[in-house]
Amino acid sequence: MPESSRETETEERGRDRQQRDQENQTSRNIVSVISQFADDNLTLVRNISTGLAVAGVIVIARSIRVITKFQAVSEIPVRFIERSVSLRGKVHSVTERGIEVEHIPIYLPVISPLLSKHRDVSTSPLLVHLAGVELTPEGKMWLQKNLVPAQTVWLKLISREDNMLHCLVSQSRQGSIWSHCMNEELLRLGLARSAPIAGVLLSSPRYWRLHKLLHRAEVKAEKKGRGLWKKESLWERASKALKDHPLLRLIERIFKRTRTE
C-alpha cells in the first residue's frame, strides 16, 4: 500500500508539472505573438501611442483650462483668481477706464493649432485695473508711454468686479529677463497713491500682504520726495510767498498804472 501511494503522488506531481509547462508555453506563445505583431506593425503601434498621449494631454489641458483663451472677464474660473494665477497678455490700449489686454493662452505644439481650428478666432480684450493704485494725471501719461500696443504683459489676478479685472501688472525690462510690477513702479515714482484693494476682504491675510507690498513702494517715494511727494525748495517757497504778498501786489499794480499813463 505505501508503494502504491508513493506511485500515485509521483504521477500527480508529474501531471502538475506537465500542466504548468503547458501554461508557461501558452503564455510564451501569446507574448511572442504580441511581440511579433508589434514588430510587424511598429508604425501603427507608435501612431496609436502618440494618439493616446495627445488625447490625454488635450483632456488634461482642457480640464485645467491652460490653453483656453479668455475673451471675457466672466470666463475666468474663480479658482484662478483665488490662487492669484498669472495670465500672459498683449496690450491693446490704455484708456481712462483701464488697460485693455488681449489674453494669450499657453501654446502647446500640435495641440493648440488643432484646437484653434475649431474655435472662434476673434479677439476681445479684457479690461484691467491696476490693483491697489490710484493714478495721478502724470501717472496716466507715464502708463500710456510705457505700455504700448502689442507689448507683452503678465497679469497676476487679484479680484474681479463686474467686467473688470484687478491685477498686479508686470512687464519685462528692456534687455533683462526679469520683470517688474507696474503697480509698485508707479507708487515708487510718486505717480500714484495707494488705494483700497477692491474685491479682497480687508480681514484676509491676502489683503494685508498686498497692502504691505504697495505701501512699502509708496513710502520710498515719499522719503525721496518723488512725484506728488516732491517738496518745494527754500527758493521756490520764498518766491511763492513774495509773489502772494499784498505789498508786492500793490507795487505791481502801481507800476502797471504808471506805464499805462
Side-chain angles (χ1 to χ4, degrees), residues 65-66 68-107 123-200 204 206-221 226-228:
R65 305 193 71 177
V66 296
T68 301
K69 182 171 184 174
F70 302 122
Q71 302 201 52
V73 172
S74 58
E75 294 178 358
I76 300 175
V78 175
R79 68 176 184 275
F80 277 35
I81 297 173
E82 291 175 344
R83 298 174 184 174
S84 295
V85 172
S86 292
L87 302 178
R88 188 164 61 109
K90 182 172 63 176
V91 175
H92 269 217
S93 62
V94 179
T95 67
E96 288 295 324
R97 296 192 305 155
I99 309 167
E100 293 185 346
V101 180
E102 177 189 346
H103 174 225
I104 303 175
I106 293 176
Y107 182 85
T123 59
S124 179
L126 306 172
L127 185 60
V128 177
H129 176 76
L130 295 170
V133 167
E134 180 186 344
L135 295 175
T136 62
E138 294 78 13
K140 293 177 182 178
M141 293 175 60
W142 184 90
L143 200 62
Q144 290 173 340
K145 182 180 178 181
N146 287 272
L147 282 183
V148 296
Q151 187 171 5
T152 300
V153 292
W154 285 91
L155 310 175
K156 187 173 184 179
L157 305 178
I158 302 301
S159 64
R160 171 173 56 194
E161 281 190 334
D162 299 327
N163 65 336
M164 180 178 288
L165 286 172
H166 295 271
C167 307
L168 295 180
V169 180
S170 299
Q171 66 171 174
S172 298
R173 295 182 184 274
Q174 189 172 4
S176 172
I177 61 173
W178 305 108
S179 61
H180 69 286
C181 177
M182 306 201 74
N183 306 53
E184 290 183 77
E185 189 75 8
L186 283 159
L187 290 169
R188 197 179 294 115
L189 294 173
L191 299 175
R193 295 181 179 87
S194 60
I197 303 167
V200 183
S204 67
R206 187 180 180 213
Y207 182 97
W208 290 105
R209 281 198 303 270
L210 291 170
H211 174 75
K212 184 179 179 181
L213 177 73
L214 299 176
H215 181 66
R216 189 187 301 125
E218 187 175 34
V219 169
K220 287 182 179 179
R226 291 177 174 173
L228 62 92

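Note that these values count all heavy atoms, side chains included, but never hydrogens, waters or copies made by symmetry. In this text, all values refer to a predicted model and were calculated from it rather than measured experimentally.
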inquiry  = For a quick test of reading the model, state the closest non-hydrogen atom pair linking Cys167 to Leu165 and the distance between them.
reply    = SG-CB, 3.7 Å
task = Looking only at non-hydrogen atoms, find the nearest pair between Arg193 and Glu218 and report the distance.
result = CA-OE2, 3.6 Å
note = For Ala221 and Gly190, the nearest pair of non-hydrogen atoms, with its separation, is CB-N, 3.7 Å
inquiry  = To the nearest 0.5 Å, what is the distance between CD on Glu100 and CG on Leu127?
reply    = 6.5 Å
message = Can you tell me how the ring of Phe70 sits relative to the ring of His103, calling it parallel under 30°, perpendicular over 60° and tilted otherwise?
response = parallel
key: Residues Glu75 and Lys69 bridged, charged N to O under 4.0 Å   = no
query = How far does CG of Leu191 sit from CG of Leu228, to the nearest 0.5 angstrom?
reply = 7.5 Å
request  = Would you indicate whether the side-chain heavy atoms of Tyr207 and Pro196 approach each other to under 4.5 Å?
outcome  = yes
request  = Count the heavy atoms belonging to other residues, nucleotides or ligands that lie under 6.0 Å from CZ of Arg206, then report whether that count exceeds 12.
outcome  = yes
message = So Leu87 and Val101, do their side chains get closer than 4.5 Å, heavy atoms only?
response = no
message = Quick one, Leu143 and Leu130 - any side-chain contact, counting heavy atoms below 4.5 Å?
response = yes
key: All pairs passing side chain to side chain donor-acceptor pair (under 3.5 Å) where residues 140-152 contributes a residue, at least two apart   = Glu96-Lys140
key: Gap separating the CD atom of Glu184 from the CG atom of Leu214, nearest 0.5 angstrom   = 6.5 Å
inquiry  = If we ignore hydrogens and angles and just use 3.5 Å, is the side chain of Gln71 paired with the main-chain N or O of Ser124 as donor and acceptor?
reply    = yes
task = Determine the interplanar angle of the His215 and His211 rings, folded into 0 to 90°, and report it as parallel if under 30°, tilted if 30 to 60°, perpendicular if over 60°.
result = parallel
task = With rounding to the nearest 0.5 Å, note down the distance linking CG in Leu168 to CG in Asn183.
result = 5.0 Å
key: Residue pair His166, Arg160: steps toward the side-chain contact (heavy atoms from CB on, under 4.5 Å) verdict   = CA-CA 6 Å; His166 295 271; Arg160 171 173 56 194; over 6 Å; no
task = Would you mind reporting whether Val73 and Met164 have side-chain heavy atoms less than 4.5 Å apart?
result = no
query = Between Glu185 and Arg188, is the closest basic N to carboxylate O distance under 4.0 Å?
reply = yes
Shortest non-hydrogen contact from Ser84 toward Ile158 = OG-CD1, 4.4 Å
query = Within a strict 4.5 Å, meaning less than it, do heavy atoms of the Val169 and Leu155 side chains meet?
reply = yes
task = Please name the pair of heavy atoms, one in Lys90 and one in Ala150, separated by the smallest distance, quoted to 0.1 Å.
result = CG-CA, 3.4 Å
request  = Indicate yes or no for a side-chain donor-acceptor contact from Thr95 to the backbone of Arg97 under 3.5 Å, with no hydrogens or angles considered.
outcome  = yes
Closest non-hydrogen atom pair between Ala198 and Ser159, with its separation = O-OG, 2.5 Å
message = Tell me which one of Ile99, Val133, Leu147 satisfies side chain to side chain contact (heavy atoms under 4.5 Å, CB included) with Met182.
response = Leu147
